[in-house]
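Nothing fancy with the numbering, it's 1 onward along the sequence. Just so you know, these numbers use all the heavy atoms, side chains as well, and skip hydrogens, waters and symmetry mates.
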Amino acid sequence: MAARKKPRLREAALRRFLSLVSVTLIFVVLTIFLVRGSSVSHFVFQDDASFGDDLGRYNCSDLGIHLTRSDLSLELERRNHLPPRNVDLYPRLSADHIPIVLYVHNRPQYLKIVVQSLSQVEGINETLLIVSHDGYFEEMNKIVEGIKFCQVKQIFAPYSPHIFPNSFPGVSPSDCKEKENATERNCTGNPDQYGNHRSPKIVSLKHHWWWMMNVVWDGLKETRHQSGHILFIEEDHFIFPNAYRNLQVLAAVKSRKCPECYAINLAPSDVNSRGEGGECLIAERMGNVGYAFNRSVWSKIHKKAKEFCLFDEYNWDITMWATVYPSFGAPVYTLRGPWTSAVHFGKCGLHQGQGEQNACVINGQVNIQVEETDKVANINSKWRLHVYRHQDGYKAGFKGWGGWGDERDRQLCLSFAKMYDKGGNLSWA
């Protein structure tokens with residue numbers, strides 16, 4: 001009798017085991033299906049974040065702040081991995097090429113002018129043009145895809161407020177507006193020093209610039225080993241034909257002619273000036289039109305992430321002038337020629353000029369005279385150096401114009417600075 005019970009017990013145990021395995025397999029299959037079919041993923045960030053091996057997966061503790069990523073956000077991130085275009089037309093970059101980064105938002109009329117001006121730049125076919133988009137706008141994308149005069153790589157800010165229409169860093173339904181009291185209105189947000197709550201359209205400027213800098217210098221395989229200079233221009237900078245050749249001359253002589261200089265500029269810091277003329281190199285405070293610096297300067301900037309991210313100022317350039325550069329402990333000079341090689345032509349304010357009717361240019365044209373001297377390099381490395389040592393700027397105690405008081409913006413900004421920390425590198429291979 002006992003001998004008969006043992007096989008039955010073993011059979012019953014086997015059936016239970018098989019049932020458990022079947023249920024487990026069904027659960028695993030359903031989980032995989034649900035994960036693959038889901039249209040969003042979740043991003044959590046905090047000040048002391050450590051990062052995983054992909055830009056969309058951050059391995060960090062929960063501060064209670066979540067980003068729900070859409071299909072568009074994930075698709076843009078996938079596009080960031082694509083190789084440059086036009087490699088078949090320009091298979092080899094010059095050994096000493098200086099990459100050019102053009103960062104844009106949504107002003108197609110402006111972008112067309114910039115692209116046209118770049119197409120006339122001597123030596124543009126020797127280098128790589130990286131276009132960094134603040135969000136995704138089809139007309140902007142088409143303009144860039146039409147570039148055929150050099151290698152082009154596009155990157156898209158996958159956390160741009162412009163692709164999060166119903167949640168942070170875009171506009172969340174629970175966000176406080178204007179000067180609302182968070183406690184009384186039971187809304188979310190921290191006001192700036194002037195009592196105003198965040199505007200996604202405004203904070204996108206600083207977010208995009210900081211994300212772009214971290215990605216270009218430390219993320220992209222095309223530039224993460226670049227030790228020399230990288231040139232940065234905007235969608236409202238008209239570039240003269242001699243700009244790249246002048247840039248090469250300035251980069252070659254900067255350390256010898258101006259050891260105090262951190263950067264190179266293609267234009268005077270006074271955007272209304274076309275330069276002094278004459279035969280001398282100029283050292284002055286760093287401007288924001290056509291600026292270039294090398295990796296050692298980027299390392300100094302990156303170490304000041306907290307100064308950059310916690311300062312209540314929505315403009316990236318004013319943040320740099322008012323708090324980051326002064327923290328270096330010495331004046332921050334830039335080197336340039338006596339004539340401009342780039343012109344800021346934007347007449348409108350923040351993110352305007354976005355359509356045909358609202359364009360800030362007339363019939364797609366700007367009134368910028370390009371002289372014969374603007375078509376060839378007009379800088380001589382043997383010229384003497386003139387230094388402007390006392391220029392107007394933001395004085396000690398300046399607290400910023402605000403617009404950057406929300407703790408979520410500050411933490412997202414700090415997270416961008418940690419995307420490629422050692423021990424948590426993100427792969428862009």
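- The backbone N or O of Gly228 lies less than 3.5 Å from no partner atom in the side chain of Asn294, so there is not a single donor-acceptor pair.
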Could you walk me through whether Ile318 and Tyr394 satisfy the side-chain contact (heavy atoms from CB on, under 4.5 Å) test, starting with their C-alpha distance in whole Å, then the side-chain angles of each, then the deciding distance to 0.1 Å, before giving a yes or no?
CA-CA 8 Å; Ile318 295 177; Tyr394 293 93; 3.4 Å; yes

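- Here the options are Tyr333, Tyr262, Phe232, Tyr325, the test is ring pair (Phe, Tyr, Trp, His ring centres under 6.0 Å), and the partner is Phe293; only Phe232 passes.
- A salt bridge links Glu276 to Arg336: one of the charged nitrogens lies within less than 4.0 Å of a carboxylate oxygen.
- You'll find the side chain of Thr127 stays beyond 4.5 Å of the side chain of Leu129, heavy atoms only.
- Counting only distance, with no hydrogens or angles, the side chain of Arg410 and the backbone of Phe311 share no donor-acceptor pair below 3.5 Å.
- Checking side-chain atoms of Ser269 against main-chain N and O of Gly287 turns up no donor-acceptor pair under 3.5 Å.
- In this structure, His97 and Pro99 approach most closely via the heavy-atom pair O-CD, 3.6 Å.
- For the residue pair Tyr90 and Cys150, the shortest heavy atom distance occurs at CE1-N, 3.4 Å.
- In terms of modelled atom types and a separation under 3.5 Å, the side chain of His302 and the main chain of Ala417 share a donor-acceptor contact.
- Side-chain atoms of Thr323 never come within 3.5 Å of backbone atoms of Thr319 as a donor-acceptor pair (strictly under, hydrogens ignored).
- In this structure, the side chains of Asp409 and Phe168 come closer than 4.5 Å at one or more pairs of heavy atoms.
- More than 12 heavy atoms of other shown residues, nucleotides or ligands fall within 6.0 angstrom of atom CD in Glu138.
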Kindly determine whether Trp316 and Met213 satisfy side-chain contact (heavy atoms from CB on, under 4.5 Å), including the steps that lead there.
CA-CA 11 Å; Trp316 68 264; Met213 285 292 171; over 6 Å; no

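- Shortest non-hydrogen contact noted between Gly278 and Pro338 is O-CG, 3.5 Å.
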Verify side-chain contact (heavy atoms from CB on, under 4.5 Å) between Ile143 and Val115, making sure each step is shown before the conclusion.
CA-CA 8 Å; Ile143 294 171; Val115 168; 4.1 Å; yes

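- Judged by the 6.0 Å and 45° rule, Lys206 forms a cation-pi pair with Phe308.
- Heavy-atom contacts from other residues, nucleotides or ligands closer than 6.0 Å to NZ of Lys303 number 12 or fewer.
- We find the CG-CE distance between Leu220 and Met212 to be 11.0 Å, quoted to the nearest 0.5 Å.
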Apply side chain to side chain donor-acceptor pair (under 3.5 Å) to Glu284 and Asn265, showing your working.
CA-CA 10 Å; Glu284 65 168 349; Asn265 267 111; over 6 Å; no

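- Heavy-atom contacts from other residues, nucleotides or ligands closer than 6.0 Å to CH2 of Trp401 number 12 or fewer.
- For the side-chain hydrogen bond (donor to acceptor under 3.5 Å, both in side chains) with Glu235, the qualifying choice from Arg107, Lys112, Gln109 is Arg107, the only one to do so.
- The pair Glu222-Lys153 counts as a salt bridge, with a side-chain nitrogen and a carboxylate oxygen less than 4.0 angstrom apart.
- In this structure, OG in Ser341 is found 12.5 Å from CZ in Arg245, a value given to the nearest 0.5 Å.
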Working note: Asp175 + Thr188, criterion side chain to side chain donor-acceptor pair (under 3.5 Å); need CA distance, chi angles, decisive distance, verdict.
CA-CA 5 Å; Asp175 282 354; Thr188 302; 5.1 Å; no

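- For the atom pair Leu118 CG and Ile100 CD1, the distance stands at 6.0 Å (nearest 0.5 Å).
- No donor-acceptor contact under 3.5 angstrom links the side chains of Asp374 and Gln369, judged on distance only.
- Not a single donor-acceptor pair under 3.5 Å links the side chain of Tyr291 to the backbone N or O of Ala267.
- Ring centroid separation for the pair His390 and Tyr388 does not come in under the 6.0 Å cut-off.
- The pair Lys399-Asp312 fails the salt-bridge criterion, with no side-chain N (NZ, NE, NH1 or NH2) lying under 4.0 Å from an Asp/Glu carboxylate O.
- With a 4.5 Å cut-off on side-chain heavy atoms, Gln411 and Arg408 do not count as touching.
- Contact annotation: the side chain of Ser117 approaches that of Ile239 to within less than 4.5 Å [non-hydrogen atoms, C-beta and beyond].
- The two residues Asn80 and Ile155 have their closest heavy-atom pair at OD1-CA, 3.2 Å.
- Aromatic pair His133/His105: ring centres not closer than 6.0 Å.
- Between Pro241 and Val370 there is a side-chain heavy-atom pair separated by less than 4.5 Å.
- Taken to the nearest 0.5 Å, the CD1 atom of Ile379 stands 11.0 Å off from the CD atom of Gln248.
- With hydrogens and angles ignored, the 3.5 Å screen pairs no side-chain donor or acceptor of Asn246 with any backbone N or O of Leu266.
- Here Trp209 contributes atom CH2 and Glu234 contributes atom CD; the two are 10.5 Å apart, rounded to the nearest 0.5 Å.
- Put simply, the residue from Met286, Lys254, Glu260 that forms a side-chain contact (heavy atoms from CB on, under 4.5 Å) with Leu335 is Lys254.
- The only member of Tyr159, Tyr314, Trp298 that meets ring pair (Phe, Tyr, Trp, His ring centres under 6.0 Å) when paired with Trp210 is Trp298.
- When all heavy atoms of Ser119 and Gln116 are compared, the pair lying nearest together is OG-O, 2.6 Å.
- Annotation: His225 is not in aromatic contact with Trp217 [ring centroid separation under 6.0 Å not met].
- Using modelled atom types, one side-chain atom of Ser327 and one backbone atom of Val324 make a donor-acceptor pair closer than 3.5 Å.
- Contact between Val121 and Phe240 at its shortest, heavy atoms only, is CG2-O, 3.6 Å.
- Using a 4.0 Å cut-off between a side-chain N of Lys or Arg and a carboxylate O of Asp or Glu, Glu145 and Lys142 do not qualify as a salt bridge.
- With contacts defined as side-chain heavy-atom distances shorter than 4.5 Å, the pair Tyr136/Ser160 does not qualify.
- Between the side chain of Asn190 and the main chain of Glu407, a donor-acceptor pair closer than 3.5 Å is present.
- The environment of Asp88 atom CG is dense: over 12 non-hydrogen atoms of other residues, nucleotides or ligands sit within 6.0 angstrom.
- The 12-atom threshold is not exceeded at CZ of Arg92, counting heavy atoms of other residues, nucleotides or ligands nearer than 6.0 Å.
- Looking at Leu414 and Cys309, their side chains come closer than 4.5 Å, going by heavy atoms from C-beta outward.
- Distance check, rounded to the nearest 0.5 Å: CG of Asn86 to CG of Leu128 gives 10.5 Å.
- A donor-acceptor contact shorter than 3.5 Å is absent between the side chain of Arg185 and the backbone of Glu180.
- Taking the ring axis of Trp321 as reference, the NZ or CZ atom of Arg285 stays within 45° of it and closer than 6.0 Å to the ring centre.
- The shortest side-chain heavy-atom distance between Asp236 and Val114 does not fall under the 4.5 Å cut-off.
- Using a 4.0 Å cut-off between a side-chain N of Lys or Arg and a carboxylate O of Asp or Glu, Lys179 and Asp192 do not qualify as a salt bridge.
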